[in-house]
Colleague: 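Starting off with a structure, shown below.
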There are 2 protein chains.
Amino acid sequence: MAKKQVTFADIAEYTGFSKTTISRYFNHPDSLTLENQEKIAKALDELGYRKNKLARVLANGKSEFVGIIVPNLYLHYYSEMLTQLLRSYSDYHYKFLVFVSDGGPEKEMQYLDELMAYKIEGLIVLSHTLSSEKLASYNIPVIAIEREAEHICSVTTDNYMGSMQATSLLIRNQCDVLIHINVHVPENIPAYDRIRAFEETCREYHVPYELNLNVSGDSYQELFEQMRVIFQDIDSKYSGQKKGIFLSNDTYANIFLNLIFQKYNCLPDEYQIIGFDNSPIAAESIIPITTIGQQIDVIAQTTMELLVEQMNEMKKRKPAPLQKPIHKKITPVLIRRQTTGD
Amino acid sequence: MAKKQVTFADIAEYTGFSKTTISRYFNHPDSLTLENQEKIAKALDELGYRKNKLARVLANGKSEFVGIIVPNLYLHYYSEMLTQLLRSYSDYHYKFLVFVSDGGPEKEMQYLDELMAYKIEGLIVLSHTLSSEKLASYNIPVIAIEREAEHICSVTTDNYMGSMQATSLLIRNQCDVLIHINVHVPENIPAYDRIRAFEETCREYHVPYELNLNVSGDSYQELFEQMRVIFQDIDSKYSGQKKGIFLSNDTYANIFLNLIFQKYNCLPDEYQIIGFDNSPIAAESIIPITTIGQQIDVIAQTTMELLVEQMNEMKKRKPAPLQKPIHKKITPVLIRRQTTGD
DNA sequence: TTGTAAGCGTTATCAC
DNA sequence: GTGATAACGCTTACAA
């Protein structure tokens, strides 16, 4: 702001070329002689030129912006996903405008307005606040990650596979009864498949099972107290039986494990525990917890591939938008650690 | 891209006003009669107008962009800080362009180039990659968070205070010997004060102490193995004495606690443990860990206040940049939990 | 209260 | 290979 910017006009004057040629130096360098390229490079340096990409966007319509709306970064899953998405800058050079979506639908629509006003070329949504129908109405490429996505493209973990792997392991390990602990999950979001797979697998192998979907609460303390009740219930109800506990995330699994330790000072053979997410806590707990690892890097990469493809399509003279949303599933991996025998 | 954008020109034609008036409708609505405001509002709606803020930036030079460079989001500290910074959108309406800085100085300078090309008004740096001298040379307001900041403004936790609180608590709790476990910290970064305060406080109270600055390693496994050696060393060397262990972060504290449990199945009275950061692991560990809580929300808020003030200054006709960088310290809070007696 | 016209710093089109 | 010129969509003196 202090001194006026150096512009193509200045470079042009300084070198005796036209603005057009300066522009070409950046966008089609091969169309200049090497000699002239060097001449311009030198001038750029001497005048201390700095690009202004905003002017470029205005002229050619390509902002290279991608919007991201994420529910929070408190959960390791989200912060890791954001990291991986941001990392893709190295490959694609898209810049990311990031919003954390607290504050409900109105706020989130305000964020979207803002993003549209900055001419984002594409959008990545991890929050569950707005319906996919609403999101689709913005007419830009949108990828949903791990959420309801009827009308937009999506990339999700193959929750069914993951849950099946967990459940199968507990069955193979000769558990007498299997218990799945989770919050109440709406049927239309991907995570519901964890519940479905658990039930169907238990049924298929004729293993007794119980579904506990009563977890709720925001703070760790609340969760802990709830889990204590659940633990005591299970511990007395199935006393003497070998219990396979499959929890919907590693935080829950860790709490459950801590409760077991508080009572037994160890993990008795009577208990097997599996979490979900492969978040740090699963490795850092008093005993490393077996878990289902979501391949966050693969999800992020797939998301960007899908998105870039569609953003490129939009730049063609006659864009052919997708007829139907594409949905990709990424297989998670079972990470065996010490809470499911050795 | 599909259909051409609706522009002020269209609105102007449609309503019979000039482009200027349409512009004023957005920027100085009071200067129009209510009647005309409504007329324009109606037209906006009917034509389906969408703002183009990039054009506006080009015209008035105010991008409302702030760049953030963060080392990673793996550590809770950084992801929480990012969340808090992003949240400030509600107050200031600055948009954030976020880069994760892996890949060394060259990469980071490339990020900075990109940010400058998008005409960011200010910059927030959490990475340690570039010197404050280099950062200052960009001639835009820069705030460093918890890093070397000789030539730029900064906001940091009052590490000295925090460390002193931790050390004092251990002394008050009658520990026979105090041990501080940390990585090797360069003297010019804020975190070094934790070491200084520990030493000085121990000396002042004439309490025997030991400094172990040998921790290193990237993965949890590596850390764990290193910490095991450190633990065994301490456990035998100070057998029978009451040991106050102050670790430089909660991850280390948790590992140490787990090692104690592996050996003793409990936390013996002989041990007191304090971590740093108040990250989730401190609450979720086998026993909730006493820790020093950085006031991340306050740090983020202070950062934005400082930054906004300077960005506003830059917009004045005759900007008066700071003569000397401002450095703010935020006092951390001692969070007493179960690893320092009840 | 409203309008005219000249920018802002690029790129695109068409010519040479 | 290179250049003139008209966009891109909005803001901002300066006028009226």
Side-chain angles (χ1 to χ4, degrees), chain A residues 1-40 43-44 47-65 116-119 121 315-317, chain B residues 1-40 43-44 47-65 114 116-121 315-317:
Chain A
M1 317 269 159
K3 324 133 190 131
K4 257 175 52 69
Q5 270 191 79
V6 178
T7 72
F8 281 12
D10 301 319
I11 315 286
E13 193 181 11
Y14 189 85
T15 56
F17 292 108
S18 70
K19 292 199 296 177
T20 313
T21 301
I22 311 301
S23 172
R24 270 195 278 259
Y25 169 81
F26 288 104
N27 300 311
H28 309 284
D30 326 336
S31 74
L32 308 198
T33 65
L34 260 97
E35 196 192 333
N36 289 343
Q37 287 187 42
E38 279 168 16
K39 230 181 247 172
I40 295 178
L44 254 28
L47 297 183
Y49 172 75
R50 316 227 74 179
K51 284 190 188 169
N52 186 336
K53 291 227 188 179
L54 294 176
R56 166 190 240 222
V57 175
L58 191 59
N60 76 3
K62 297 166 191 169
S63 69
E64 297 179 356
F65 281 143
M116 295 303 290
Y118 279 96
K119 302 297 154 188
E121 296 184 39
K315 287 174 192 160
K316 294 186 184 162
R317 353 260 338 180
Chain B
M1 316 268 159
K3 327 137 186 123
K4 258 175 53 67
Q5 269 192 79
V6 178
T7 73
F8 282 11
D10 301 319
I11 315 286
E13 192 182 12
Y14 189 85
T15 56
F17 293 108
S18 70
K19 290 200 298 176
T20 312
T21 302
I22 311 301
S23 172
R24 273 195 276 259
Y25 169 82
F26 287 104
N27 299 311
H28 310 285
D30 327 336
S31 74
L32 308 198
T33 64
L34 261 97
E35 197 190 332
N36 289 345
Q37 287 188 41
E38 278 168 16
K39 232 182 245 172
I40 295 177
L44 255 28
L47 296 183
Y49 172 74
R50 317 227 74 181
K51 282 188 188 167
N52 185 337
K53 291 226 187 178
L54 294 176
R56 163 191 244 226
V57 175
L58 191 60
N60 76 3
K62 298 166 191 169
S63 68
E64 296 178 358
F65 282 141
E114 193 71 303
M116 294 304 288
Y118 279 97
K119 303 298 155 188
I120 52 168
E121 296 184 37
K315 287 174 192 160
K316 294 186 184 161
R317 356 258 338 180

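A quick note: this is a predicted structure, and the numbers were derived from the prediction, not measured. No hydrogens, no waters, no symmetry mates; every other heavy atom, side chains included, goes into these values. Every chain is numbered from 1, with letters handed out A, B, ... down the list of sequences.
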Colleague: So, OP1 or OP2 of dC8(D): does either fall under 4.0 Å of a side-chain N or O from Q5(B)?
Modeller: no
Colleague: Ignoring hydrogens and angles, answer whether the base of dT11(D) and the side-chain atoms of T20(B) contain a donor-acceptor pair closer than 3.5 Å.
Modeller: no
Colleague: Measure the shortest side-chain to side-chain distance between E64(B) and Y118(A) over non-hydrogen atoms and say whether it is less than 4.5 angstrom.
Modeller: yes
Colleague: In this structure, how many angstroms lie between the P atom of dT2(C) and the NE2 atom of H28(B), rounded?
Modeller: 14 Å
Colleague: Starting at atom CZ of F8(B), determine the distance to atom C1' of dC8(D), rounded to an integer number of angstrom.
Modeller: 14 Å
Colleague: With nearest nucleotide decided by heavy atoms, which residue, A59(A) or S31(A), maps closer to the 5′ end of DNA chain D?
Modeller: S31(A)
Colleague: Is any side-chain heavy atom of T21(A) closer than 4.5 Å to a side-chain heavy atom of N36(A)?
Modeller: no
Colleague: What is the separation between atom NZ on K53(A) and atom P on dG9(C), rounded to the nearest whole Å?
Modeller: 17 Å
Colleague: Over how many whole Å does the gap from Y25(A) atom OH to dT10(C) atom P extend?
Modeller: 14 Å
Colleague: Consider only side-chain N and O atoms of N27(A) and R56(A), and report whether a donor and an acceptor are under 3.5 Å apart.
Modeller: yes
Colleague: Is the Y49(A) ring parallel, tilted or perpendicular to the F8(A) ring (thresholds 30°, 60°)?
Modeller: tilted
Colleague: Counting only side-chain nitrogens and oxygens, does T7(A) get under 4.0 Å of the OP1 or OP2 atom of dG9(C)?
Modeller: no
Colleague: Think N36(A) has a side-chain N or O under 4.0 angstrom from the OP1 or OP2 of dT2(D)?
Modeller: yes
Colleague: Any donor-acceptor pair under 3.5 Å between the side chain of K19(A) and the base of dT10(C)?
Modeller: yes
Colleague: Could you tell me if the side chain of K62(A) sits less than 4.5 Å from the side chain of E121(A), heavy atoms only?
Modeller: yes
Colleague: With a cut-off of less than 4.0 Å, is there a side-chain N or O of S23(A) near OP1 or OP2 of dT10(C)?
Modeller: no
Colleague: Whole angstroms only, please: what is the CG-P distance between N52(A) and dG9(D)?
Modeller: 17 Å
Colleague: Distance check needed: dG9(C) P versus D10(A) CG, whole Å only.
Modeller: 9 Å
Colleague: Under 4.0 angstrom, heavy atoms only, what part of the nucleic acid is L32(B) near: base, sugar-phosphate, or nothing?
Modeller: sugar-phosphate
Colleague: Let's see if you can work this out: which of dG3(D), dT2(C), dT11(C) has an atom nearest to the side-chain heavy atoms of T21(A)?
Modeller: dG3(D)
Colleague: Taking only N and O in the side chain of Y49(B), is any of them less than 4.0 Å away from OP1 or OP2 of dC10(D)?
Modeller: yes
Colleague: Roughly, in whole Å, what's the span from CG in N60(B) to C1' in dC8(C)?
Modeller: 9 Å
Colleague: Taking the side chain of R56(A) as its heavy atoms from C-beta onward, which of dG3(C), dT11(C), dT2(D) lies nearest to it?
Modeller: dT11(C)
Colleague: Does R24(A) contact dG3(D) through a side-chain donor or acceptor facing the base, at a distance under 3.5 Å?
Modeller: yes
Colleague: To the nearest angstrom, how far is N27(B) atom CG from dT12(D) atom P?
Modeller: 7 Å
